[in-house]
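Here's the structure we're looking at; comments come further down.
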Amino acid sequence: MKSPLLSLPGAVPAEGVDEGVAAHYGDLFREQRALAGGTGFVDLSHRGVVSVTGDDRLSWLHLLLTQHVSDLPTGQATEALILSAHGHIEHALYLVDDGTTVWAHVEPGTQDALIAYLESMKFFYRVDVADRTDEFAIVHLPAGSIADVPEGVVVRETPYGRDLFLPRADLESYAEKSGPAVGLLAYEALRVEHHRPRLGFETDHRTIPHELGWIATAVHLQKGCYRGQETVARVQNLGKPPRRLVFLHLDGSEVHLPPAGADIRLADEGPDGRKIGFVTTSVRHHELGPVALALVKRNVPLDARLMADSTAAAQEAVVEP
């Protein structure tokens, strides 16, 4: 779905899964500084929007999600995962309940598979699941923003800012009042700075929540049974995850960033050394310079000198070994 805000001056379209919104509007670092300072907004209208209504919506979702939501207070934001039977991450949901409806935004293009799974689990529960992507667009206001929120708009407020479930028909008029527009690359740079994982970027087909630190924000360890809970409990109580998320400071003298999927090796072993991980997201940050998130084997020493593709890198632990 192509955003109408791509017609704004300077807009450069994003690519890949983020196609449909602007990567930037002509000045990446200015946009980052604006967002970090609490001004502007980010067009996330390419993300999927799903709603769940009905009297049983919270108790039903509680059975399916990794998060404790049976008593979720009205207006309180949370995030949750859906796991496979083996505990691998399949979906990530960013939720809020407005008193009558649970609203969630999800990664672009994942809403169909999510809805299909939810529909298959309805049984006799009084719930209705709907794809609302055509009707609502996600707009992000950064932490500290004093921008007005239109009356009646559902808001998901987090430490990183507010996500608005804005009627899609109002997107252009809202942009006129609430600028400057900030591109997705600036949003991603701050996401990487804050070590926040993203489904499909920091995850692959075998990722478990412990590897990314999602245990702290998206998993409730004392709630009842859900699909994949056995893996979560076993790793939490008896072991360690096989991989861990790290934050990389990259050599700033390199012209190109190592792309997502680039191999990580120990610098001491040279370019033919064994692969110990891979880059998940790399960005240029307005203060930190080139940085990245990556998944590495759990036993990689914290002080090890690394190479991300051909770029020297030093790591900070996000998930402890």
Side-chain angles (χ1 to χ4, degrees), residues 58-59 61-73 76-97 102 104-107 110 114 117-118 143 156-161 163 188 190-248 264 276-281 291-302 315-321:
L58 290 176
S59 59
L61 286 170
H62 185 79
L63 300 173
L64 306 177
L65 305 180
T66 57
Q67 189 59 274
H68 195 300
V69 297
S70 60
D71 302 312
L72 184 66
Q76 179 175 306
T78 192
E79 54 189 84
L81 308 173
I82 290 177
L83 307 180
S84 74
H86 298 291
H88 301 137
I89 299 169
E90 292 189 344
H91 294 282
L93 296 82
Y94 299 85
L95 305 161
V96 68
D97 184 84
V102 173
H105 66 82
V106 298
E107 287 298 324
T110 65
L114 171 62
Y117 172 69
L118 294 177
R156 183 178 175 275
E157 187 158 2
T158 77
Y160 306 104
D163 298 334
E188 284 288 280
L190 299 192
R191 177 181 73 81
V192 170
E193 177 191 5
H194 294 135
H195 308 160
R196 295 166 56 204
R198 184 177 171 189
L199 183 77
F201 286 64
E202 280 59 59
T203 68
D204 59 18
H205 67 283
R206 58 191 180 98
T207 306
I208 61 175
H210 309 72
E211 295 178 320
L212 305 182
W214 248 331
I215 287 290
T217 59
V219 178
H220 194 284
L221 293 172
Q222 279 76 49
K223 64 162 285 187
C225 187
Y226 55 88
R227 191 173 70 172
Q229 185 192 27
E230 295 83 358
T231 298
V232 170
R234 184 170 61 252
V235 174
Q236 185 69 19
N237 296 323
L238 301 176
K240 295 279 189 177
R243 303 176 297 182
R244 57 185 178 85
L245 187 67
V246 297
F247 180 71
L248 298 181
I264 295 177
I276 59 168
F278 60 93
V279 172
T280 60
T281 305
V291 292
L293 293 175
L295 272 177
V296 300
K297 292 182 177 180
R298 178 176 56 84
N299 59 0
V300 174
L302 289 173
Q315 62 172 308
E316 287 183 21
V318 177
V319 174
E320 294 297 325

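Treat the numbers as computed from the prediction; the structure is a model and nothing was measured.
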task = Could you tell me whether a side-chain N or O of Arg298 sits under 3.5 Å from a main-chain N or O of Arg244, the two making a donor and an acceptor?
result = no

Is there a donor-acceptor pair under 3.5 Å between the side chain of Arg196 and the backbone N or O of Tyr160? no

Would you confirm whether Gln67, through its side chain, and Leu93, through its main-chain N or O, come within 3.5 Å as a donor-acceptor pair? no

If we ignore hydrogens and angles and just use 3.5 Å, is the side chain of Thr231 paired with the main-chain N or O of His86 as donor and acceptor? yes

By side-chain contact (heavy atoms from CB on, under 4.5 Å), Glu193 pairs with (sequence neighbours left out) Leu190, His285, Leu288

Check: Do other residues, nucleotides or ligands put more than 12 heavy atoms under 6.0 Å from Lys240 NZ?
Finding: no

*asked:* Check whether Arg156 reaches the backbone of Leu95 with its side chain - one donor and one acceptor, N or O, closer than 3.5 Å.
replied: yes

Of all heavy-atom pairs linking His91 and Leu114, the shortest is CE1-N, 3.5 Å

Discussion item. On the six-membered ring of Phe278, is Arg243 placed so that its NZ or CZ lies under 6.0 angstrom from the centre and within 45° of the ring axis?
Written reply: no

Q) Counting only N and O atoms by type, is there a donor-acceptor contact under 3.5 Å from the side chain of Glu211 to the main-chain atoms of Ile208? A) yes

Lys223 backbone acceptor or donor facing Gln229 side chain under 3.5 Å: yes

Heavy atoms of Ala317 and Leu302 approach each other most closely as CB-CD2, 3.7 Å

| said: For the residue pair Arg198 / Thr280, report whether a side-chain donor-acceptor contact shorter than 3.5 Å exists. | reply: no

| task | Say whether Thr207 and Glu202, considering side chains only, have a donor N or O and an acceptor N or O under 3.5 Å apart. | result | no

Across all chains, not counting sequence neighbours, the side-chain contact (heavy atoms from CB on, under 4.5 Å) partners of Ala92 are Leu81, Tyr94, Leu199, Trp214

Paired with Thr78, the side-chain contact (heavy atoms from CB on, under 4.5 Å) test is passed by just one of Thr158, Thr217, Val69, namely Val69

Across all chains, not counting sequence neighbours, the side chain to side chain donor-acceptor pair (under 3.5 Å) partners of His105 are Arg47, Asp163

Could you check His88 against His205 for ring-ring contact (aromatic ring centres under 6.0 Å, His included), going step by step and ending with a plain yes or no?
-> CA-CA 7 Å; His88 301 137; His205 67 283; 7.3 Å; no

